[in-house]
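What follows is a set of notes on a single structure, which appears directly below.
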Amino acid sequence: VGVIFLLHHPKRNITPLRLVTNESHLHPSSARHVEQITNEKSSKIDDPPRRPIMHTFFEPIEEKEKTGSKEINRGSGMSTPEAHAKLLEAWQNAWEEAGWTTRVLTLEDAMAHPKYEEVRESLGRGIFSEYDKLCFMRWFAMVSAGGGWMSDYDLFPLAENIPLNIMGKIADQKYHRYAPLRNINSSKWANNGGVPLPNDGKFTVYDNGGTAPSLLSGSKKDWDRVARGLIKLEEYHLEGFYSDMLALDDYDESYPQDIAKEYSVVW
């Protein structure tokens, strides 16, 4: 089971600013202007906490499939469907209690990607288990979802905070969810609850120095570029074992400029 270590910052009590004036000495238009400024300042400062969004991918599969007299392993072989469901529920509860919104993606989300049929056919030419096929499909599900954060559902947060400070400046502003966002274009980050993605949306890998896809973030464009790249690499490995983790490592060797790596985040 993986866990993510997020730096914790204490909550700050924020008191709305008040503009004190004696409106009886102001021209009516001036008084209205003062009221407008006061309301604008209060609305910015009272901006409610924004919750970033953490995605995961889950598609139940039969562990065994009989083909004639043979029994083929279709799943990961690591657990039972019931145990997976309980783990998924624990994942949702942990991230939401830490201040995030959670979204569980499925194969249906991957099917919404315009390249889904091509990807399915490509994976079908190899000797991949159903589990490994789904590991590739989750990348395309994230593109259909609009990009953002994704984690394995056995990866849990250890602190109640948005992990931006450990990844450099974001829009020249350090941010935690108890302070309002004043200088950030929230519409740009609508798919992450209005909260900026690390590294200005560049595709980022946080586990094992950038080689394990257990915690990832990036814009939709970056997710799509990397997802398509992984499938191209998969097409060269149809005869032996290959996985999305191995493909990510190969992709990084070929296109290191496409991926940002973070260290000491996942333990």
Exercise. Would you call D109 and R138 a salt bridge, using N to O less than 4.0 angstrom?
Worked result: no

Seminar exercise, completed: d(R103 CZ, H55 NE2) to nearest 0.5 Å is 5.0 Å

Exercise. Can you list the steps and then say if F58 with Y153 is a ring-ring contact (aromatic ring centres under 6.0 Å, His included)?
Worked result: CA-CA 8 Å; F58 178 72; Y153 57 87; 5.4 Å; yes

For this session: Could you pull out the closest heavy-atom pair between P52 and G99, with the gap in Å?
Result: CD-O, 3.6 Å

Seminar exercise, completed: Hits for ring pair (Phe, Tyr, Trp, His ring centres under 6.0 Å) against Y255, two or more places apart or cross-chain, chain-then-number order -> Y251

Exercise. Centres of the W149 and Y206 rings: under 6.0 Å?
Worked result: yes

Problem set entry | Ion pair R120/E117, N-O distance below 4.0 Å | yes

Exercise. Between E118 and K115, does at least one N-O distance fall below 4.0 Å, as a salt bridge requires?
Worked result: yes

For this session: Indicate if F128 and V119 have the same hydrophobic cluster label, given that clusters are the connected sets of ILVMFWY residues with side-chain heavy-atom separations under 4.5 angstrom.
Result: yes

For this session: For the pair F156 and L87, evaluate side chain to side chain contact (heavy atoms under 4.5 Å, CB included) and give the outcome as yes or no after the intermediate values.
Result: CA-CA 10 Å; F156 292 79; L87 182 59; 3.8 Å; yes

For this session: Evaluate whether atom CD of E239 has more than 12 neighbouring non-hydrogen atoms of other residues, nucleotides or ligands under 6.0 angstrom away.
Result: no

Exercise. Step by step, would you call I259 with L248 a side chain to side chain contact (heavy atoms under 4.5 Å, CB included)?
Worked result: CA-CA 10 Å; I259 296 178; L248 178 63; 3.8 Å; yes

Exercise. Is a side-chain N or O of N191 found less than 3.5 angstrom from the main chain of G146, in a donor-acceptor match?
Worked result: yes

Problem set entry | L88 side chain near V104 side chain, heavy-atom distance below 4.5 Å | yes

Exercise. K261 versus D207: any side-chain heavy-atom pair under 4.5 Å?
Worked result: no

Exercise. Between S214 and V266, is any pair of side-chain heavy atoms under 4.5 Å apart?
Worked result: yes

Exercise. Honestly curious: do F241 and L230 fall in one hydrophobic cluster under the side-chain, below-4.5 Å linking rule?
Worked result: yes

Exercise. What about L215 and M245, same hydrophobic cluster or not, with Ile/Leu/Val/Met/Phe/Trp/Tyr joined at side-chain heavy-atom distances under 4.5 Å?
Worked result: no

Seminar exercise, completed: The reported gap from CG in L123 to CD1 in I231 (rounded to nearest 0.5 angstrom) is 4.5 Å

Exercise. Hey, is K133 close enough to D244 for a salt bridge, meaning N to O under 4.0 Å?
Worked result: no

Problem set entry | Euclidean distance, R228 CZ relative to W223 CH2, rounded to 0.5 Å | 15.0 Å

Exercise. Any donor and acceptor pair, going by atom type alone, linking the side chain of W95 with main-chain N or O of L155 inside 3.5 Å?
Worked result: yes

Exercise. At what distance, to the nearest 0.5 angstrom, does NE2 of H84 lie from CG of D154?
Worked result: 9.5 Å

Exercise. Is a side-chain donor-acceptor pair under 3.5 Å present for S151 with W91?
Worked result: yes

Exercise. Is there a chain of hydrophobic side chains (I, L, V, M, F, W, Y, each step under 4.5 Å between heavy atoms) that links M137 to F203?
Worked result: yes

For this session: Report the residues that fulfil side chain to side chain donor-acceptor pair (under 3.5 Å) with T102, sequence neighbours left out, ordered by chain and then residue number.
Result: E96

Exercise. Is D222 paired with K202 through a side-chain N to carboxylate O contact shorter than 4.0 Å?
Worked result: no

For this session: Please determine if D224 and K220 form a salt bridge, counting it only when a charged side-chain N lies under 4.0 Å from a carboxylate O.
Result: no

Problem set entry | Where P213 and W139 come nearest, the two heavy atoms and their spacing | CB-CZ2, 3.8 Å

For this session: With rounding to the nearest 0.5 Å, note down the distance linking CG in L107 to CD in E59.
Result: 5.0 Å

Exercise. CG of L105 to OG of S144: how many Å apart, nearest 0.5 Å?
Worked result: 8.5 Å

For this session: Can you label the angle between the F136 ring and the Y242 ring as parallel, tilted or perpendicular, going by 30° and 60°?
Result: parallel

For this session: Begin from the C-alpha positions of D249 and L246 and carry the test side chain to side chain contact (heavy atoms under 4.5 Å, CB included) through to its verdict.
Result: CA-CA 5 Å; D249 193 30; L246 294 176; 5.7 Å; no

For this session: Give the intermediate values and the outcome of side chain to side chain contact (heavy atoms under 4.5 Å, CB included) for residues T204 and E262.
Result: CA-CA 7 Å; T204 306; E262 300 296 344; 3.6 Å; yes

Exercise. Of all heavy-atom pairs between S217 and L197, which one has the smallest distance, and what is that distance?
Worked result: CB-CD2, 4.4 Å

